[in-house]
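Proteins come first, then strands; the chains are lettered A, B, ... in the order of their sequence lines, and each starts at number 1. Just so it is clear, the structure is predicted and the values come from calculations on it, not from any experiment.
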Amino acid sequence: MSERRKPYPFDQIEPKWQTIWEERQLFHALNPGEKNFDPSKPKFYILDMFPYPSGAGLHVGHPEGYTATDIVARYKRMRGFNVLHPMGWDAFGLPAEQYAIKTGEHPATTTRANVAKFKAQLKRIGFSYDWQREINTTDPRYYKWTQWIFLQIYNSWFNAKANKAEPISTYRGPAPDRVRLAYVADVPVNWCAELGTVLANEEVVDGKSEIGGFPVVRRPMRQWMLRITAYAERLLNELDGLDWPEGIKLLQRNWIGRSEGAEVDFSVAGIDDRGYKIRVFTTRPDTLYGATYMVLAPEHSLVDLIVTEEQWPAVREYRERAARKSDLERTELAKEKTGVFSGAYAVNPVNSERIPIWVADYVLLGYGTGAIMGVPAHDERDLVFARKFHLPIREVVRPFGGEDPIGFVGEGIAINSPVIDGLPSREAIRKITAWLEELGLGKGAINYKLRDWLFSRQRYWGEPFPIVWENEKHRAIDQNELPVVPPPLDDYKPIGTGEPPLTRAREWVRYSDNALRETNTMPQWAGSCWYYLRFCDPQNDKRFVGEEAERYWMGGDKPGGVDLYVGGTEHAVLHLLYARFWHKVLFDLGYLSKPEPFQRLVNQGIVLGEDNQKMSKSRGNIVNPDDVIDQYGADAFRCYEMFMGPLEQMKPWSMRGVEGISRFLARVWRLLMTENQAGEWELSTRLKEADPTSAQTKITHATIKKVTEDIESLSFNTAISQMMIFVNAFTNAETLPLSAMRIFLVLLNPFAPHLTSELCQKLNSKFGDNVSDTTEQKWPDYDERFLAEDEVEMVIQVNGKVRDRMKVSILATEDEVKSIALANARIQRLVNGKTVRKIVVVPKKLVNVVANE
RNA sequence: GCCGAUGUGGCGAAAUGGCAGACGCAACGGACUUAAAAUCCGUUGGGCCGUAAAAGGCCCGUGCCGGUUCGAGUCCGGCCAUCGGCACCA
């Protein structure tokens, strides 16, 4: 790159102001109770999704959201808010561990280096984070409290009557270990041999690990689980009070997947009638009379008990094959339904009919009861299955329209169903459910797709569990033994048997003579589930967050505490759902003041490469912020990130675009500065303490209004457009009124803080007001009076087409406007020979003359 | 398959149901310059009529088809395309 002359000296200005801000700690937020804390100011908590500090450093996608929040943070400070705007590191996770496996270097070392790199990059952009609140999930002083929160979850149960979590001590039933919110279970898990670990469903994509793309198989293992399903209903309902994009709420609703229906008991018609009952879940109990067969999931516990002698070999073989299927195979083979007859029959409780019981893997053990009734006439999957295995098909719903009842899954009229014949589906469902309940054959039930959260990982680089095992039983270690710090290892490789790497540290594992430590670690989500709470009070070593600090920053009159949370859609379900879950547990236990963590959520769009493709190393289209800043400066970088287009939209990067923005900032600079003969910049002589013209006042106030409203609605691109219009309007002005320039610098400050601070300082040195720095100034108010005009230009339309314009006093009545329009020569010509049918007047906008032959 | 988002100049985009394309990029022309860069000024959706050239005039145009309305990029119905999510959840 050739050494180009800088359009303005950003390379000197930017480091200078960053140093000043650092020295003065201008962006440090005080907590209630601290010296100089001003309780009269309202609070504003604005949060970014904190990054995983990878070795690759930032690319221009990261700072998009960060710039948006920084603008809002700076704006809110000027508006007189106490602003909490922190940043930290989500630093546990697989990449550092993989690197450790390769190099033997401790993950903490790589993490430290990566954090330093990320932090330096962020600082260069001039973000106004309160770095005194920086946190790192891998810091023992942080994960001590992650472990502490786990213990709260472990020591709680969900009281369904109260619909909330309570300390396990309030549980009166037997076997408290069975109701804890954190529990151990042997569950079929997604085992990834390559990574040597179990993965959550969400971390498996198309049967392969999300990280690395390695094959994943199902395998039963003893795992820690968190009972998030207890909160399904609240996680669903309490979305309503949040200001989140509807699309994201919908994603969560679908993920939780509530469905209402009934559980119905079918008895097994065995020769020796052992009285087994099989419970099925259905959303359509009104189709009970259409059940012509039943299906059990291959893993269903009753399969063993009901299978007949002659069917046993076939069933056993089928089960084994199903168990061996990887997720990948299951997905790929989803189209072709398989199954095997068990030899047994069930009795349909509504009509005592004997129907065959099949075993098929299209029924999932983990959902509902793991058993279904097959109603081929009114369920697509059942229809496919029935046709393949030649099972009878019986219509029990007649569509309202004339559609074919076979395969009809909508609502209609119940037929061939004595108890509910002639009733529309909804009523039929209600009636048959009541009927089943009355006879003790079933009951209304609700099911969720949401599963409990698989919470353990066989990894090194994660939070160890504060749990020890004694006589095959788990128990919590004492709170004052926290944090549980993982031991250093020589070898971080997975053991391969499914045993976690921590097993290697024999000394560490031996907790006492008869107790061993839990060697699993927590998943990466753990640390990010509550970091927003720690930011409120990051140095507190007595509590995970101080009560007063939590009440202040996480308070307010809305259900959610964080006022604005910005991040990518990729966390729409998992992170946001897990964090809400932990928050609710802590809320129930009385540690928090609001039931939800994040009141307003905004997703920034993905930044694509210049080639309109997703940025990736292999495409070679990654743009590094450092390069952009070297060439154009941080202010231009920030402004371009915002000028690209709407925050939430996906949009491509363009270096030409950065250049355009950089030209704009240079125009701002040269508006107030001129270069003298010696090539030095000095204040323009056009700057005067003069009254602005009325046109100048008007555009100034229009700009205040537009920029203010656009920041509030996060429409930063149009705010910048308006400021460009402002600058264009003043570029050739003979006199630059100081007052207008000062206002403009404040408006531009959140976007280009370095440039505006420098210019403000230059103005102060000459005009000597008692103003220290733009970042500490008040946000200007606009006055509607200056925006109003005496006259407006109105459009005259004939039949909806613009034909002319006219200047009209804003005081003109509708009738006056009409007659001026009709008197217009051009309009007369067009209307000539036609009859005017109607005249529409939109005040201050237009007149539409409707005329025809 | 189901759900959601998006679709406007050469490009990024803007428009409480009221002048489509603000602002920026690119391109072109001009000024400044020995020259270039930078800067400043101007032109720039398409087609047609008009004129010596202008001025001026008309028509079409926001993915496609239809509707509501005096008036639709915007509202309603139906399609198409791209992107994202879910995917045997009974």
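Listed candidates were A90(B), C3(B), A22(B). Nearest to the side chain of Asp379(A) is A90(B). Of the listed nucleotides (C40(B), C19(B), A90(B)), C19(B) has the atom at the smallest distance from the side chain of Val802(A). Closest to the Arg670(A) side chain, of the nucleotides C83(B), U39(B), C70(B), is U39(B). Counting only heavy atoms from C-beta on, Asn848(A) has its side chain closest to C70(B) among U16(B), C41(B), C70(B).
A donor-acceptor pair shorter than 3.5 Å can be found between the side chains of Asp452(A) and Thr229(A).
Both distances falling under 3.5 Å, in either a Watson-Crick or a G-U wobble arrangement, place A5(B) opposite U82(B). The pairing partner recorded for U39(B) is A31(B), the criterion being a Watson-Crick or G-U wobble arrangement whose two distances lie under 3.5 angstrom.
Remark: the backbone N or O of Thr338(A) is not paired with any side-chain donor or acceptor of Lys388(A) at under 3.5 angstrom.
With respect to the salt-bridge test (charged N to carboxylate O, under 4.0 angstrom), the residues Glu791(A) and Lys807(A) do not qualify. Checked for salt-bridge contact, Glu610(A) and Arg656(A) miss the test: no charged N lies under 4.0 Å from a carboxylate O.
Residue Gly660(A) is the one, among Thr282(A) and Gly660(A), whose nearest nucleotide of RNA chain B lies closer to the 5' end (criterion: closest heavy atom). Across the interface with RNA chain B, nearest-nucleotide mapping of Thr338(A) and Lys706(A) shows Lys706(A) to be the residue nearer the 5′ end.
Taking 4.0 angstrom as the limit, Arg829(A) places none of its side-chain polar atoms (N or O) nearer than this to OP1 or OP2 of G57(B). The phosphate of C41(B) has OP1 or OP2 within less than 4.0 Å of a side-chain N or O from Asn732(A). At the phosphate of A72(B), neither OP1 nor OP2 sits under 4.0 Å from any side-chain N or O atom of Lys801(A).
Judged by distance alone with a 3.5 Å cut-off, a donor-acceptor contact links the side chain of Lys337(A) to the base of C88(B). For C70(B), its base never sits under 3.5 Å from the side chain of Arg837(A) at any donor and acceptor pair.
Atom P of G61(B) sits at a distance of 11 Å from the matching atom of A72(B), rounded to the whole Å. Between U43(B) and A54(B), the two P atoms lie 16 Å apart (nearest whole Å).
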